[in-house]
2 protein chains.
Amino acid sequence: MSNHSTKSLRGDELRDQILSTALQMFADKGYFNTSIHDIRKEAGVSTGAIYHHFKNKEALAKSLYESLLIEIDNDINDVCKVHTGSYEKSRAIIKKMFALTMENPITMQFILMAQHREYLPDEPPICSSKPFQSMKNVISEGIKNQEIKNIDVWVAATTMFGGALRMMGLQLDGVLNQPLSDYLDEVVECAWLGIKQ
Amino acid sequence: MSNHSTKSLRGDELRDQILSTALQMFADKGYFNTSIHDIRKEAGVSTGAIYHHFKNKEALAKSLYESLLIEIDNDINDVCKVHTGSYEKSRAIIKKMFALTMENPITMQFILMAQHREYLPDEPPICSSKPFQSMKNVISEGIKNQEIKNIDVWVAATTMFGGALRMMGLQLDGVLNQPLSDYLDEVVECAWLGIKQ
DNA sequence: GTCTATAAATGGATAGAC
DNA sequence: GTCTATCCATTTATAGAC
């Protein structure tokens with residue numbers, strides 16, 4: 001379980017080691033159930049090393065949160081680029097998020113399931129984060145292009161992505177019997193039927 | 001802000017005072033950002049009184065969580081009783097949950113947005129709680145009756161209720177300009193189009 | 001840049017008076 | 001049944017050696 005290896009890391013490698021250990025533990029036990037001492041032990045580093053690389057515990061969590069949101073937003077925009085039309089883009093986004101959930105449940109647990117505002121008080125709600133804005137933009141465009149019917153954009157966006165996000169939550173809670181990819185077609189089809197022109 | 005009143009409460013009234021203060025503070029600042037001392041101060045009671053009525057902090061949270069889930073489940077079942085058919089029942093459930101969110105945002109914040117497993121480790125995931133099971137049952141029945149098309153029941157349930165739940169989250173995050181009731185018709189219509197036979 | 005040791009504060013929980 | 005006072009463990013963060 002411990003990330004401690006015989007080779008002792010230094011500099012940026014040590015910083016990455018701290019980040020990945022913290023991510024694992026925050027996702028698994030939650031921010032408040034993970035002490036600096038827990039991270040120190042699990043990562044095989046010293047308290048001083050942690051405080052050298054991060055101002056405090058909150059800054060460590062914030063660094064994780066922001067970089068992971070940017071990563072996901074990049075993934076979303078990458079798959080969007082190779083598709084045209086709101087349907088294709090929405091499908092590609094959901095497919096990508098399903099894949100990320102299966103490949104990297106820890107990251108998705110941390111980003112989607114945690115209540116960041118409890119420990120990052122200055123953070124805006126998740127719905128105004130870049131990935132969620134990107135999703136909303138796809139829907140806005142679809143309404144403008146008349147691919148999607150002319151309803152409130154929040155309603156359209158939550159209809160398109162709300163079910164998929166719940167399915168990701170169910171997968172992370174261990175409730176589903178099959179991998180998310182098995183549900184992709186039905187999820188996308190049902191959501192799209194609700195909003196298509 | 002303080003719930004402290006000149007008349008000092010005793011017995012069950014004091015217990016209720018503790019519960020409602022704790023609910024407010026847990027919903028507002030989160031479980032881990034609320035200390036027993038905070039609750040003591042805000043409720044205008046003593047530490048001893050809290051520990052007389054509840055074994056510990058966790059038991060206090062658990063008592064709140066369980067009774068609120070039962071209340072919501074009763075509400076859901078009450079509105080279901082006066083409707084027949086999956087569409088009518090689903091619509092009534094969403095309407096009721098929208099109303100509860102507007103009337104009692106604090107309760108909904110605590111039930112829907114918090115990560116209870118971080119401080120109630122023995123609690124099952126929220127999707128297996130009674131209210132969510134009741135929703136899933138409505139969808140199961142609809143599939144059996146062929147009112148809803150024959151797809152995976154989780155997909156159908158998340159399609160029907162996933163968007164509405166996200167809209168409730170947006171409302172609680174203060175993102176929406178209008179009350180949830182204004183979105184009800186569109187939300188229900190979009191969701192139902194996705195799963196109807 | 002990383003370590004160990006420890007300071008300083010907080011918070012959950014208990015004891016015992018009333 | 002409720003109160004006050006306090007104990008003790010935990011935790012964040014710092015100081016200073018290497």
Side-chain angles (χ1 to χ4, degrees), chain A residues 2-26 28-65 114 116 118-122, chain B residues 2-26 28-65 114 116 118-122:
Chain A
S2 172
N3 286 326
H4 181 69
S5 67
T6 47
K7 149 171 75 113
S8 66
L9 304 171
R10 299 184 68 81
D12 284 351
E13 280 185 23
L14 187 144
R15 189 176 190 275
D16 290 344
Q17 168 76 350
I18 294 167
L19 282 168
S20 83
T21 304
L23 171 60
Q24 297 241 12
M25 301 191 84
F26 288 163
D28 184 36
K29 309 195 302 171
Y31 176 85
F32 293 102
N33 289 321
T34 304
S35 71
I36 293 288
H37 187 69
D38 290 337
I39 298 171
R40 187 202 70 70
K41 225 177 354 178
E42 180 75 12
V45 302
S46 69
T47 313
I50 295 178
Y51 281 95
H52 173 75
H53 287 285
F54 303 96
K55 181 170 162 275
N56 52 32
K57 189 184 172 187
E58 187 178 318
L60 168 56
K62 187 169 174 148
S63 169
L64 265 179
Y65 183 62
H116 305 95
E118 283 186 17
Y119 50 92
L120 301 176
D122 298 334
Chain B
S2 171
N3 286 325
H4 181 70
S5 68
T6 47
K7 149 171 76 109
S8 66
L9 304 171
R10 299 185 67 82
D12 284 352
E13 281 184 24
L14 189 144
R15 188 177 190 274
D16 290 344
Q17 168 76 349
I18 295 167
L19 281 169
S20 82
T21 304
L23 171 59
Q24 298 240 14
M25 303 191 83
F26 288 164
D28 184 36
K29 309 195 301 168
Y31 175 85
F32 294 103
N33 289 321
T34 305
S35 71
I36 292 288
H37 187 69
D38 291 335
I39 297 171
R40 186 202 70 69
K41 226 178 350 181
E42 179 76 11
V45 302
S46 68
T47 314
I50 295 177
Y51 281 95
H52 173 75
H53 288 285
F54 304 95
K55 182 170 162 278
N56 52 31
K57 190 184 173 188
E58 187 178 317
L60 169 54
K62 186 170 174 146
S63 169
L64 266 178
Y65 183 64
H116 305 93
E118 283 186 18
Y119 51 92
L120 301 176
D122 297 335

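Letters A, B, ... are given to chains in the order of the sequence lines, protein chains preceding strands, and every chain is numbered from 1. The structure presented is a predicted model; accordingly, all values stated were derived computationally and were not measured.
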How close or far is atom [atom2] of [N] from atom [atom1] of [X], stated in whole angstroms?
| X | N | atom1 | atom2 | value |
| --- | --- | --- | --- | --- |
| A/F32 | C/dG11 | CZ | P | 11 Å |
| B/Q17 | D/dG1 | CD | C1' | 16 Å |
| A/I39 | D/dA13 | CD1 | P | 11 Å |
| B/I50 | D/dC3 | CD1 | P | 9 Å |
| A/N33 | C/dG12 | CG | P | 12 Å |
| A/R40 | C/dG1 | CZ | C1' | 17 Å |
| A/F54 | D/dA13 | CZ | P | 13 Å |
| A/K41 | C/dT2 | NZ | P | 21 Å |

How many angstroms lie between [atom1] in [X] and [atom2] in [Y], if you round to the nearest 0.5 Å?
| X | Y | atom1 | atom2 | value |
| --- | --- | --- | --- | --- |
| B/K41 | B/I36 | NZ | CD1 | 13.0 Å |
| A/L23 | A/D28 | CG | CG | 10.5 Å |
| B/H116 | B/D122 | NE2 | CG | 14.5 Å |
| A/N33 | B/E118 | CG | CD | 6.0 Å |

Quick one: is C/dC3 close enough that its OP1 or OP2 comes under 4.0 Å of any side-chain N or O from A/H52?
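No.
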Expected rows: protein N/O vs nucleotides 13-17 of chain C N/O, under 3.5 Å:
{"residue": "C/dA13", "atom": "OP2", "partner": "B/Y51", "partner atom": "OH", "Å": "3.1"}
{"residue": "C/dA13", "atom": "OP2", "partner": "B/K57", "partner atom": "N", "Å": "3.1"}

Mind checking whether A/F32 and A/Y119 have parallel, tilted or perpendicular rings, split at 30° and 60°?
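Judged by the thresholds at 30° and 60°, the geometry between A/F32 and A/Y119 is perpendicular.
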Check whether NZ of the Lys or CZ of the Arg B/K57 lies under 6.0 Å from the centre of the six-membered ring of B/Y31 and within 45 degrees of that ring's axis.
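Ring-cation test returns yes.
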Measure across A/T34 and A/M25 and return the closest heavy-atom pair with its distance rounded to 0.1 Å.
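That would be OG1-O, 3.3 Å.
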Ignoring the backbone of [X], work out which of [options] is nearest its side chain.
| X | options | answer |
| --- | --- | --- |
| B/H53 | D/dT12, D/dT2, C/dC3 | D/dT2 |
| A/L14 | D/dT2, C/dT2, D/dT12 | C/dT2 |
| B/A49 | C/dG11, D/dC3, C/dT2 | D/dC3 |

